[in-house]
2 protein chains.
Amino acid sequence: MGLTKTEIFTDQQNQISVFAKAFGHPARVAILQYLFKIDTCFCGDLVKEIGLAQPTISQHLKELKYLGLIKGTVEGTSVCYCIDKENWAAMKEVMGDFLDQDLPENEECC
Amino acid sequence: MGLTKTEIFTDQQNQISVFAKAFGHPARVAILQYLFKIDTCFCGDLVKEIGLAQPTISQHLKELKYLGLIKGTVEGTSVCYCIDKENWAAMKEVMGDFLDQDLPENEECC
DNA sequence: CCTATTAATCGTAATATTGCAATAAAATAA
DNA sequence: TTATTTTATTGCAATATTACGATTAATAGG
């Protein structure tokens, strides 16, 4: 056990949870917010910005890259990171459909 | 180690990650979607709907209740669950601020 | 070539999460 | 009171995640 039973859920439900899990750590939230704030590629030292060890940041970046939310292009000895706009928009649609669900006012409800 | 360093992040970043973590499991996504679909309190057997063991569902419900996303009121031997509309709206605002960040078209970017 | 610089990977320890059997608790019905 | 029904809790095993030291690429500049 300890293993999520993905097979009993819909693709949509699994997709939502995979994206949500990516945002489920403040370091990844901070990385993404920083890339948005910088508003261009960031080819500097993300480790200094966030405050975790370099291997830890690298690991978080890897996850975000794997999901396609960020892109990384080699620029000399450093790597340039930025938000993948298309994939971010696609993710937003999936998450939006889930979050923007609405309930009519129902007075019979608890 | 193995412990998230929440103290180095902002309250907002931690809040986003806590909500995201709640959606980071397909069972919790499924539970929430079902409560939205039912569109009223659900006082039936959520275990049959989702397909996990009763203690597992109970645990997921506990987490969602702890975050305030759902309410549960005792109704005889069973419990009535529904979305907490106010808290859901508050959560949506926090997550929305994060997800709806936008980048202007920047051709100098990678 | 050698030496910095920067980022990725490996290995590992600590903690967290998931899932369920067994059990307990709470309310109803007989 | 004694079942019955429904949900919560406990305890535990399996897996996942987080973090970082040590090491390994990969590139740039002598």
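Side-chain atoms are counted along with the backbone in the values below, which use heavy atoms only and exclude waters and symmetry mates. Residue numbers start from 1 in every chain, and the chains themselves are labelled A, B, ... in the order their sequence lines are given, proteins ahead of strands.
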TODO: By nearest nucleotide on DNA chain C, pick out whichever of Thr6(A) and Thr77(A) is the more 5' one.
DONE: Thr77(A)
Open item on the list: Rounded to whole Å, how long is the line connecting atom OH of Tyr66(B) with atom P of dA8(D)?
Closed with: 17 Å
Task: Gap between atom CD of Gln15(B) and atom CZ of Phe98(B) - 0.5 Å precision - done: 13.0 Å
Open item on the list: Applying a 4.0 Å non-hydrogen cut-off, can you work out what Leu52(A) is touching in the nucleic acid: base, sugar-phosphate, or nothing?
Closed with: sugar-phosphate
Open item on the list: Counting the atoms with a prime plus P, OP1 and OP2 as sugar-phosphate, which does Ser58(B) contact under 4.0 Å by heavy atoms, base, sugar-phosphate, or nothing?
Closed with: base
TODO: Find which nucleotide of DNA chain D each of Gln59(B) and Val47(B) is nearest to by heavy atoms, and output the residue with the more 5' nucleotide.
DONE: Val47(B)
Open item on the list: Let's see if you can work this out: which of dT9(D), dG19(C), dA19(D) has an atom nearest to the side-chain heavy atoms of Lys5(B)?
Closed with: dA19(D)
Task: Residue whose closest nucleotide on DNA chain C lies nearer the 5' end, Lys65(A) versus Pro55(B) - done: Lys65(A)
Open item on the list: So if I take every side-chain heavy atom of Tyr81(B) and compare against dT17(C), dA8(D), dA8(C), which nucleotide ends up nearest?
Closed with: dA8(D)
Open item on the list: Using 30° and 60° as the class boundaries, would you call the ring planes of Phe36(A) and Trp88(A) parallel, tilted or perpendicular?
Closed with: perpendicular
- [ ] Enter the distance from Leu69(A):CG to Ile31(A):CD1 here, rounded to the nearest 0.5 Å.
- [x] 11.5 Å
- [ ] If the plane angle is over 60° it's perpendicular, under 30° parallel, otherwise tilted; pick one for His60(A) and His25(A).
- [x] tilted
Open item on the list: Heavy atoms only, 4.0 Å cut-off, all strands: where does Thr56(B) land among base, sugar-phosphate and nothing?
Closed with: base
Open item on the list: What is the separation between atom CG on Leu3(B) and atom P on dA19(D), rounded to the nearest whole Å?
Closed with: 8 Å
Open item on the list: Heavy atoms from C-beta onward define the side chain here; which of dC20(C), dA19(D), dG19(C) lies closest to that of His25(B)?
Closed with: dG19(C)
- [ ] Mind calculating the distance between CD (Gln54(B)) and P (dA8(D)) to the nearest angstrom?
- [x] 7 Å
- [ ] Specify the separation, in whole Å, of atom CG of Asp45(A) and atom P of dT5(C).
- [x] 13 Å
Open item on the list: Rounded to whole Å, how long is the line connecting atom CD1 of Ile31(A) with atom C1' of dA7(C)?
Closed with: 13 Å
Task: Donor-acceptor contact present, side-chain Arg28(A) to main-chain Ser17(B), <3.5 Å - done: no
Open item on the list: Rounding to an integer number of Å, can you tell me how far Ile50(B) CD1 sits from dC20(C) C1'?
Closed with: 17 Å
Open item on the list: Just the rounded figure in Å: distance from C1' of dC10(C) to NZ of Lys62(A).
Closed with: 10 Å
Open item on the list: Without decimals, in angstroms, what is the distance between Phe42(B) CZ and dT6(D) P?
Closed with: 12 Å
Open item on the list: At less than 4.0 Å, is any side-chain N or O atom of His60(B) found next to OP1 or OP2 of dG19(C)? Yes or no.
Closed with: yes
